[in-house]
Amino acid sequence: MTQEQQETAAYDATELQEKWRPVWERLDPFKAGLREGAEKRYALTMFPYPSGDLHMGHAEVMALHDVIARYWWQRGYDVLNPIGWDSFGLPAENAAIKRNEHPAQFTYANIEVQAESFKRYGVSFDWSTRLHTSDPEYYRWTQWLFLKFREWGLAYRKNSPVNWCPNDQTVLANEQVLADGTCERCGAVVTKKELTQWYFKITDYAQRLLDGIDRLEGSWPERVVHSQRNWIGRSEGAHVDFVLQLADGSQRTVTVFTTRPDTLSGATFMVIAADAALASEVVAPGRAGELASYLEEVRKASDIDRLATDRPKTGIDLGITATNPLTGEQIPVWAADYVLADYGTGAIMAVPAHDDRDREFAEVFGLPIVPVYTESDDEGDQPYDKAAEVAAAIAKLEAAGTGQRTVNYRLRDWLLSRQRFWGAPIPIIHCEACGEVAVPESELPVRLPDDVRGEELKPKGSSPLAAIAEWVNVECPQCGGPAKRDSDTMDTFVDSSWYYLRYVSPKLDTAPFDVELMREWGPIDQYVGGVEHAVLHLLYSRFFTKVLHDHGYLDFEEPFSRLMSQGVVINQGKKMSKSLGNGVNLGDQLDEYGVDAVRLTLVFAGPPEDNIDWADVSPAGSLRFLQRAWRLAGDVTSAPGAPVAEGDVALRRATHKTLHEVEHLMETYRFNVVVARTMELVNATRKAIDTGCGPADPAVREAVEAIAILLSLVAPYTAEEMWERLGHEPTVARAGWPVVEDALLVDDTVTAVVQVAGKVRARLEVPPAITEADLEAAALADPAIVALLDGAAPKKVIVRAPKLVNIVP
RNA sequence: GCGCCCGUAGCCCAACUGGCAGAGGCAUACGGUUUAGGUCCGUACCAGCGUGAGUUCGAAUCUCACCGGGCGCACCA
């Protein structure tokens, strides 16, 4: 192609994509671990679930994530940027039932589609790291970790009322039930069921998880930090012992949790959670029937009803009394559903004078209300010191032996069993003689059967695996007698709680991950993903990391040093949805504008954490900009390596200032501003070529090369094409960040403004190093200022050299 | 109910530790280039920073109140 033809050739996004993709695949420029001596950086994006092809949400998160990873490459780091799939889960199972297939078919077909899309999208992944959580080679280690946790006393089975999703036909962890009582996955109203299930003892780590989050403040989005704190829900208070006088004349001590032990003298009754076993155990025989029918009523009420805070209080008198340990008074004991069985001790001391809920209850049932503090104590000029009162009350209780200081958490243990097929089987065998027996390590993985399909996978309230006799019936590994496998599978959040560790050694078959390599790469320097995992994946992963740290597998305690949560892509002010018909198809956008323009649009739209309204942005505008930038590369007439020191200083300053500022902007995630600065530099270069120093000036080459490198973070195809037109070998992605010359960051003169009474009255061109005294003198000598002051001496002069002088007349 | 975040041109968004309100883009209008243009180049239009008060020589930036929008938690004792 001649120079002229090249210049008039049109920019064709599709053509560029087809031209460069195979080149990159051959060069494989993003392979981790090959830069000798370079500092290592681990960039991670939440791995996708293969439910279909990529959509706008994926496009956004990958574009943002890739800016960081590619920037690190340019800055000379050795970058690990892995990719994998969170490939266990219900959608594949439901699809398999519908299509009479095995879930693996749907899963692996979708993974191929997504992998192809990622490659087209030009994300700088190291493809050799690729993993799928549904591969036996992976879930073998998920099972291994489960057994380790059990060994360490962190996985156990208990019978308890659990969250049950009637639609998905499985139990759910607390974290998977939304605030409105619906299933996080499918939206069905969650009910309760009494079942024996496996749990991880995450509550053992409640305080550690809180301490850790304190240290992440500033590096994690505020809302995620707050969500986790709220979720863990630390509350300080006291346990107080109350002695119950039962109907048969016996006594029984019941402990309550309170944050206000200082109000103990106002405790005029006690309330036990109606659904706590305690209520049925202590109820007077004459009231047992009443309690039973009340309990039935309570259980019928859905979570949604229970969660309505404006619901009138209900309850029944249990017909017994308790002794207030402070006043010695006999107070009635009630059962009610506003007290929760699984929080605190499931029983409270009710202080109606100082607790709104207790007051409401007392008013409904005519119970006495005895204030401990008067209104003037509460609201007067000198309100009482609550913390001091509480501390004093606790000291008193501890001295009397009727209570002690305690800390209570809202966090519950993580229920991990699921009654579904497409997950990692729990590697436990139940033997009539030996009880629970771990599957020996040498027999891992416990594989899912691969010859089941369609109807056989249908949920029946118990795991489909339970119905597969040849799978479920085994010999006990301990006694050789007849035994059955645990037929539940693990919550898929278990799979994703450790995948970031597997990436450093995805093929390792002697351990879940290479401890030494993890020491080198970990923790993750930058994690990018959706805020929907604020208390799910991000809490579970932190828990796993702490456990593995405590047992010597990791030298860090927090897995994700920095977290970025991107917003969501919406359209016309609303979430995209089929019912609204406002969906934007990623494939269509890519076909119309090209990968680079779509990526650029997503990055430029605004701060990463803000939502992007597709109606507010312009992929067409992005495409126009890319064409403008691309054209610059064709205009450069100097040869590579032209003596840049002799180039046009004004343009050189613009280039170096841009690079310098971008370095700062990258640190603070202001990628939209990075793009804006790149646009500015493109405009400045255009002007220099057309009406300034002309295309042959080495400064033009320097500027255009900088633009290509800047664009390589966002628009890799365009950048690569520019790089080639500039006479360089691929790939621009590994060109390296240009060295910023400090001397070019300062101008010969700067504009100082002179204000009189806050109004700008004059401008002075001054050297940047001017002293305050010189600047003041220059300002006071300015004719406009002299005229304005009219001989009067200024009252005060504030000088901020070299930018500003403010004269107060 | 408790807590947090955010309000800058018609729209999306910038503005380092308080220091000239506008960097970038979209949209609109006009002019030029062009065989044509939904191209390119150029020009213009547009807010006094949600409202009110305070601190300050000086406030988009700090403080308080209010209005508007968003988010988290929510009968957790």
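Naming: A, B, ... by sequence-line order, numbering from 1 per chain. These numbers were taken from a predicted model, which means no experiment stands behind them.
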[X] [atom1] - [N] [atom2] separation (whole Å):
| X | N | atom1 | atom2 | answer |
| --- | --- | --- | --- | --- |
| Arg761(A) | rG58(B) | CZ | P | 15 Å |
| Asp356(A) | rA74(B) | CG | P | 18 Å |
| Asn571(A) | rC12(B) | CG | P | 15 Å |

So, is [X] close to the [N] phosphate, meaning a side-chain N or O under 4.0 Å from OP1 or OP2?
| X | N | result |
| --- | --- | --- |
| Arg670(A) | rA15(B) | yes |
| Arg624(A) | rC26(B) | yes |
| Tyr338(A) | rA77(B) | no |
| Ser618(A) | rC12(B) | no |

Applying a 3.5 Å limit to both distances, which nucleotide forms a Watson-Crick or G-U wobble pair with [N]?
| N | result |
| --- | --- |
| rA44(B) | rU28(B) |
| rC73(B) | rG1(B) |
| rU39(B) | none |
| rU56(B) | none |
| rG7(B) | rC67(B) |
| rU33(B) | none |

Say you pick atom [atom1] in [N] and the same atom in [M]; how far apart are they, in whole Å?
| N | M | atom1 | value |
| --- | --- | --- | --- |
| rU17(B) | rA60(B) | C1' | 16 Å |
| rC20(B) | rG48(B) | C1' | 13 Å |
| rC12(B) | rC4(B) | P | 27 Å |
| rU63(B) | rC45(B) | P | 36 Å |
| rC11(B) | rU55(B) | C1' | 35 Å |

Donor-acceptor pair under 3.5 Å: do we get one between [X]'s side chain and the base of [N]?
| X | N | answer |
| --- | --- | --- |
| Asn806(A) | rC57(B) | yes |
| Arg260(A) | rA77(B) | no |
| Arg800(A) | rG19(B) | yes |
| Lys795(A) | rC57(B) | no |
| Arg763(A) | rC20(B) | yes |

* Looking at residues at least two apart in the chain, or sitting in another chain, which of them share a side-chain contact (heavy atoms from CB on, under 4.5 Å) with Val750(A)? ->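 If we apply the side-chain contact (heavy atoms from CB on, under 4.5 Å) test to Val750(A), skipping adjacent residues, the hits are Val766(A), Pro768(A), Pro802(A).
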
Establish, from distance only, whether the side-chain atoms of [X] and [Y] form a donor-acceptor pair under 3.5 Å.
| X | Y | value |
| --- | --- | --- |
| Asp596(A) | Thr718(A) | yes |
| Asn408(A) | Ser235(A) | no |
| Ser227(A) | Asn230(A) | no |
| Asp241(A) | Thr402(A) | no |

* Checking all strands, does Arg234(A) fall into the base, sugar-phosphate, or nothing category for heavy-atom contacts under 4.0 angstrom? ->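 Answer is nothing: Arg234(A) stays at 4.0 Å or more from every strand.
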
* Counting any heavy atom closer than 4.0 Å, what does Asn683(A) reach on the DNA or RNA strands: base, sugar-phosphate only, or nothing? ->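 Sugar-phosphate only.
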
* **Residue whose closest nucleotide on RNA chain B lies nearer the 5' end, Ala676(A) versus Asp616(A)** =>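 The residue closer to the strand's 5' end, by nearest nucleotide, is Asp616(A).
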
* In terms of side-chain heavy atoms of Pro607(A), which of rC73(B), rC75(B), rA14(B) is nearest? ->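 Nucleotide nearest to Pro607(A)'s side chain: rA14(B).
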
* Aromatic ring proximity Phe365(A)/Trp334(A), centre distance under 6.0 Å ->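 Phe365(A) vs Trp334(A): aromatic centres under 6.0 Å.
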
* Under 6.0 Å between the ring centres of Phe269(A) and Phe361(A)? ->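 When the ring centroids of Phe269(A) and Phe361(A) are compared, they turn out to be within the sub-6.0 Å range.
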
* Base orientation of rG50(B), syn vs anti, 90° cut from 0 ->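 You should classify rG50(B) as anti.
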
* To do: Cation-pi check, Lys313(A) to Tyr338(A): give yes when NZ or CZ is under 6.0 Å from the six-membered ring centre and within 45° of the ring axis, no otherwise.
  =>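 Because its charged atom sits under 6.0 Å from the ring centre and within 45° of the axis, Lys313(A) does stack over Tyr338(A).
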
* Partners of Trp614(A) by ring-ring contact (aromatic ring centres under 6.0 Å, His included), sequence neighbours excluded? ->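 Residues passing ring-ring contact (aromatic ring centres under 6.0 Å, His included) with Trp614(A): none at all.
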
Can you name the atoms? Protein N/O to nucleotides 4-7 of chain B N/O, anything below 3.5 Å, with the distance.
none

